[in-house]
Amino acid sequence: MAGGFRSDFLRAMDARGFIQDVTHPEELDALLCAPAPVAAYIGFDATATSLHAGSLVQIMMLRWLQKTGHKPVVLMGGGTTKVGDPTGRDSARKLLSEDEIAANIAGIKTVFQKYLAFGDGPTDAVMVNNADWLDGLNYLTFLRDYGRHFSVNRMLSFDSVKLRLEREQPMSFLEFNYMILQAYDFLELNRRFSVRLQMGGSDQWGNIVNGVELGRRVDEAALFGLTTPLLTKSSGEKMGKTADGAVWLNADKLSPYAYWQFWRNTEDADVGRFLKLFTELPLDEIDRLAALDGAEINEAKKVLAHEATAMCHGEAAALEAAETARRTFEEGGVGEALPRIEISRADIDAGRVGLLQALVQAGLAASNGDARRQVQGGAVRINDEKVADPARTLTAADVGTDGVIKLSIGKKRHALAAPV
């Protein structure tokens, strides 16, 4: 039915490249065309204090759901995080304490407040925690009531299990239970909040289908599932990751400037696709931008960077990041939004601040060894002057008239060291 959807939500998702698979597409399309808002959910386990750009496709789906008149339900995995999703992994996730999970949920909540409108209205988003029902389950009762609806033979055929076993990596019984708990989440969400649709990445297809079928068998509820394609960059690199680590959505884990730079450095072949997925620009404007070539494609990348950053960190932060980039790259100056570290003025005066140490502290290098290799490879600059000596220290003479020292690795990675 691709391309023939009538509902605003599925038409937008299809046109922008969000749809991989849909269960019962005609029924779901008809449901989404009805006057009443449809509640749909996506689950997020609380494994860190922030989500990263790899979760943005799912976040944007919830945003579009709300924009087209429906109700987003953000499910935090306070319960399932205690088990750990085995999908796409060769080893079990680190088990987190109750306090760690609570802190992670608090950090993640701030991400969603940027993208969704929360409240008590019919299309307002709500955030719920599956620990509310999973923590109190009676194991024997749960097995008796729901375990009989799951075929182990079929569970072994799902990619989350099959690929792990094919690689001869052990899977604990704890992890094996994850897909049953996710299916039960859908049943509970339908009972408690009338949720009819679960969405997620294509790697969650088996888990989502389990939930759809469980609801139909146990409660005769007409539930639906929708997945998005696995998203990678044209280079094959995983979305949301860089050589420097995860592209976090919280400013305390990644500065708005660094976030802007991530999008500005998008590969040419990905610009059109990313504009459709990660901005709300009209499709005809996206087509115009994606058709630019040569040096002009850089203007499209700046639009992508601005739109994505403004949505995540606000318009002012996006404009400040763009101005910092302009001053840094086009004027050879120092932009205010560059990542900044503080160093002791007394240590600077005494020559006790090593360059390698400063590069690591600024997040430009992963370790002293990495920093040394960068210096030896000719990639490191102090105030735009190449440095060849790994034993170099920062001195008072390096402090510019603006009161900072500019540290650079390559042409695109910069930070400021400010003596205090």
Can you confirm if the aromatic rings of Y41 and F186 lie within a centre distance of less than 6.0 Å?
yes
Gap separating the CH2 atom of W205 from the OG1 atom of T228, nearest 0.5 angstrom:
11.5 Å
From L355 atom CG to L407 atom CG, the distance as rounded to the nearest 0.5 Å:
7.0 Å
Just say parallel, tilted or perpendicular for the rings of W263 and F278, cut-offs at 30° and 60°.
tilted
With a 4.5 Å heavy-atom cut-off, do L181 and L134 have their side chains touching?
yes
Taking T81 for its side chain and G77 for its backbone only, find out whether a donor-acceptor pair lies under 3.5 Å.
yes
Taking NZ in K114 as the centre, count heavy atoms belonging to other residues, nucleotides or ligands within less than 6.0 Å. Is the count above 12?
yes
Do the side chains of R216 and E27 get close enough for a salt bridge, i.e. N-O under 4.0 angstrom?
yes
Would a 4.5 Å heavy-atom cut-off, applied to side chains only, mark L292 and L289 as touching?
yes
Do L28 and F5 have side chains that approach each other closer than 4.5 Å (heavy atoms only, starting at C-beta)?
no
Flag the pair R191 / E188 as yes when at least one side-chain heavy-atom distance between them is below 4.5 Å, and no otherwise.
yes
Distance-only, no hydrogens or angles: does the D370 side chain make a donor-acceptor pair with backbone N or O of A365 under 3.5 Å?
no
N190 side chain to V195 backbone, donor-acceptor under 3.5 Å
yes
Checking the side chain of D124 only, and the main-chain atoms of G121 only, is there a donor and an acceptor separated by less than 3.5 Å?
yes
What I'd like to find out is whether the side chain of T393 reaches to under 4.5 Å of the side chain of I348, using heavy atoms alone.
no
Heavy-atom closest pair (L249 atom, C312 atom, distance to 0.1 Å) is O-SG, 3.3 Å
Indicate yes or no for a side-chain donor-acceptor contact from R196 to the backbone of A40 under 3.5 Å, with no hydrogens or angles considered.
no
Please evaluate residues L62 and F112 with respect to the criterion side chain to side chain contact (heavy atoms under 4.5 Å, CB included), reporting the C-alpha separation (whole Å), side-chain torsions for both, the decisive distance (0.1 Å), and the verdict.
CA-CA 10 Å; L62 290 173; F112 285 100; 4.2 Å; yes
Which pair of heavy atoms, one from L187 and one from Y146, lies closest together, and at what distance?
CD2-CE2, 3.5 Å
T49 and N104: side-chain donor and acceptor closer than 3.5 Å?
no
Inter-residue atom distance W64.CH2 - L10.CG, 0.5 Å rounding
13.0 Å
Hey, what do you get for NE2 (H24) to CD (E26), rounding to the nearest 0.5 Å?
10.0 Å
Salt-bridge test for K301 and D270: reply yes if a basic N is under 4.0 Å from a carboxylate O, no otherwise.
no
Under the side chain to side chain contact (heavy atoms under 4.5 Å, CB included) rule, what do L197 and H70 come out as? Steps first, then yes or no, please.
CA-CA 11 Å; L197 170 64; H70 301 287; over 6 Å; no
Name all pairs fulfilling the salt bridge (Lys or Arg N to Asp or Glu O under 4.0 Å) condition that reach into residues 60-76, sequence neighbours left out, sorted by first residue then second.
R63-E280, K67-E280
So NZ of K302 and OG1 of T266: to nearest 0.5 Å the spacing works out to 13.5 Å
Can Q204 and Q198 be said to form a side-chain hydrogen bond (donor to acceptor under 3.5 Å, both in side chains), step by step?
CA-CA 10 Å; Q204 295 294 319; Q198 180 184 175; over 6 Å; no
Search all heavy atoms of R345 against all heavy atoms of P419 and return the closest pair with its distance.
NH2-O, 3.3 Å
Taking only residues two or more places apart in sequence or in another chain, which ones pass side chain to side chain donor-acceptor pair (under 3.5 Å) with N130?
T80, D185
Nearest heavy atoms of I405 and D398, plus distance in Å
CG1-O, 3.6 Å
At their closest point, which heavy atom of A325 faces which heavy atom of Y257, and how far apart are they?
N-CE1, 4.0 Å
Within the distance-only criterion (no hydrogens, no angle test), does the side chain of N265 pair as donor or acceptor with the backbone N or O of Q261 below 3.5 angstrom?
yes
Starting from the C-alpha separation in whole Å, work towards a yes-or-no answer on side chain to side chain contact (heavy atoms under 4.5 Å, CB included) for I409 and L359.
CA-CA 9 Å; I409 290 185; L359 291 171; 4.3 Å; yes
Between G378 and K386 the two heavy atoms that sit nearest each other are O-CE, 3.4 Å
Side chain proximity check, F44 to V74, heavy atoms < 4.5 angstrom
yes
Gap separating the CG atom of N383 from the CG atom of L394, nearest 0.5 angstrom
9.0 Å
I would like to know whether M76 and K109 meet side chain to side chain contact (heavy atoms under 4.5 Å, CB included); could you show each step before the answer?
CA-CA 9 Å; M76 294 309 308; K109 186 174 184 178; over 6 Å; no
Judged by atom type as modelled, is there a donor-acceptor pair below 3.5 Å linking the side chain of N129 to the main-chain atoms of G78?
yes
Between R381 and E385, is there a salt bridge with N-O shorter than 4.0 Å?
no
Donor-acceptor pairs are to be reported for all side-chain atoms of residues 15-22 against protein atoms at under 3.5 Å, with residues two or more places apart or in another chain.
{"residue": "R16", "atom": "NH1", "partner": "K276", "partner atom": "O", "Å": "3.0"}
{"residue": "R16", "atom": "NH1", "partner": "T279", "partner atom": "O", "Å": "3.2"}
{"residue": "R16", "atom": "NH2", "partner": "L281", "partner atom": "O", "Å": "2.5"}

Short side-chain to backbone donor-acceptor contact, Q361 and E342, under 3.5 Å
yes
Is it true that Y184 and F142 have ring centroids separated by less than 6.0 Å?
yes
Without swapping roles, check the side chain of T23 against the backbone of G225 for a donor-acceptor pair under 3.5 Å.
yes
Pair E315-H306, side-chain donor/acceptor within less than 3.5 Å
yes
I'd like to check V111 versus S50 (side-chain heavy atoms, cut-off strictly below 4.5 Å). Are they in contact?
yes
Do the side chain of T110 and the main chain of G107 share a donor and acceptor less than 3.5 angstrom apart?
yes
Taking C-beta and beyond as the side chain, do H149 and V218 meet within less than 4.5 Å on heavy atoms?
yes
